[in-house]
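Step one of this worksheet: look at the structure below.
Side chains included, hydrogens not; waters and symmetry mates left out as well; all remaining heavy atoms used. Note that this is a predicted model, so its numbers are computed, not measured.
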Amino acid sequence: MKQLLIILAVCLSGYCASAQGYQWLTFSLTDGSKLSVPADKVSMTYEEGRLKVQTTAGSQTLNVSDLLAMSFTKVSAGVNEVTENSTEEFTVFTLEGKECGKFKSLDAVRDALSSGVYVVKSDSGNFKISF
């Protein structure tokens, strides 16, 4: 019941959030990490303990048992500005942790993958990208 009330509260607050200029829906997870998805045209469905979040950037499926909180924010959690001309190797993963491949440049990542949010591992650090 608590999970259903949380989901309903987030869905109802979406209308108010878009009017106040919030651009991201941020999920706080039990492992201490945060996941942000664009708040534009968010739809969520709940089935068998999983929350599927559909946005203009794609979809994410989260176990409800892994969720601590959800909130609308003006800034994405963990998305960094990345230099376009970097020459190091990048290993790219989906938000679910599935490896997408290794790339020599961020331009190659954008050419090879569909629009969405990805986690990138590199020598200079780990970060999220969105395109």
Side-chain angles (χ1 to χ4, degrees):
M1 184 67 171
K2 178 181 173 184
Q3 296 168 347
L4 181 60
L5 291 175
I6 292 172
I7 292 168
L8 288 174
V10 169
C11 291
L12 293 174
S13 65
Y15 179 75
C16 297
S18 63
Q20 295 175 5
Y22 291 103
Q23 298 175 2
W24 299 95
L25 175 58
T26 300
F27 298 90
S28 298
L29 306 175
T30 55
D31 66 0
S33 65
K34 290 187 177 186
L35 168 68
S36 293
V37 296
D40 184 38
K41 298 181 183 176
V42 174
S43 69
M44 292 184 272
T45 55
Y46 174 80
E47 185 176 321
E48 298 179 9
R50 305 186 107 205
L51 180 66
K52 183 175 183 179
V53 181
Q54 186 93 22
T55 69
T56 55
S59 67
Q60 301 294 322
T61 302
L62 303 166
N63 289 323
V64 173
S65 61
D66 294 337
L67 294 176
L68 288 176
M70 296 181 275
S71 61
F72 287 93
T73 58
K74 292 184 179 181
V75 179
S76 173
V79 175
N80 299 325
E81 193 67 34
V82 179
T83 306
E84 290 289 324
N85 297 323
S86 182
T87 57
E88 62 187 312
E89 183 174 85
F90 301 98
T91 306
V92 180
F93 300 89
T94 64
L95 293 177
E96 291 84 22
K98 182 179 176 184
E99 184 174 329
C100 298
K102 296 180 187 240
F103 301 90
K104 296 290 182 189
S105 71
L106 292 175
D107 287 334
V109 172
R110 286 186 186 92
D111 291 342
L113 301 177
S114 60
S115 296
V117 179
Y118 297 92
V119 177
V120 179
K121 180 181 176 184
S122 68
D123 293 336
S124 62
N126 301 332
F127 53 91
K128 293 179 189 175
I129 58 170
S130 174
F131 54 91

Could you tell me which non-hydrogen atom of [X] sits nearest to which non-hydrogen atom of [Y], and how far apart they are?
X	Y	result
Thr30	Ser65	CG2-O, 3.7 Å
Phe93	Glu99	CD2-CA, 3.5 Å
Lys128	Lys34	NZ-O, 2.7 Å

Report the distance from atom [atom1] of [X] to atom [atom2] of [Y], rounding to the nearest 0.5 Å.
X	Y	atom1	atom2	answer
Asp111	Phe103	CG	CZ	9.5 Å
Leu113	Ile129	CG	CD1	7.5 Å
Arg110	Ser115	CZ	OG	10.5 Å
Leu62	Lys52	CG	NZ	12.0 Å
Asn63	Leu51	CG	CG	10.0 Å
Lys98	Tyr118	NZ	OH	10.5 Å

Any side-chain heavy-atom pair of [X] and [Y] under 4.5 Å:
X	Y	result
Val109	Val120	no
Leu67	Leu29	yes
Gln54	Met44	no

List the steps and the verdict of side-chain hydrogen bond (donor to acceptor under 3.5 Å, both in side chains) for Ser36 and Thr26.
CA-CA 4 Å; Ser36 293; Thr26 300; 2.8 Å; yes
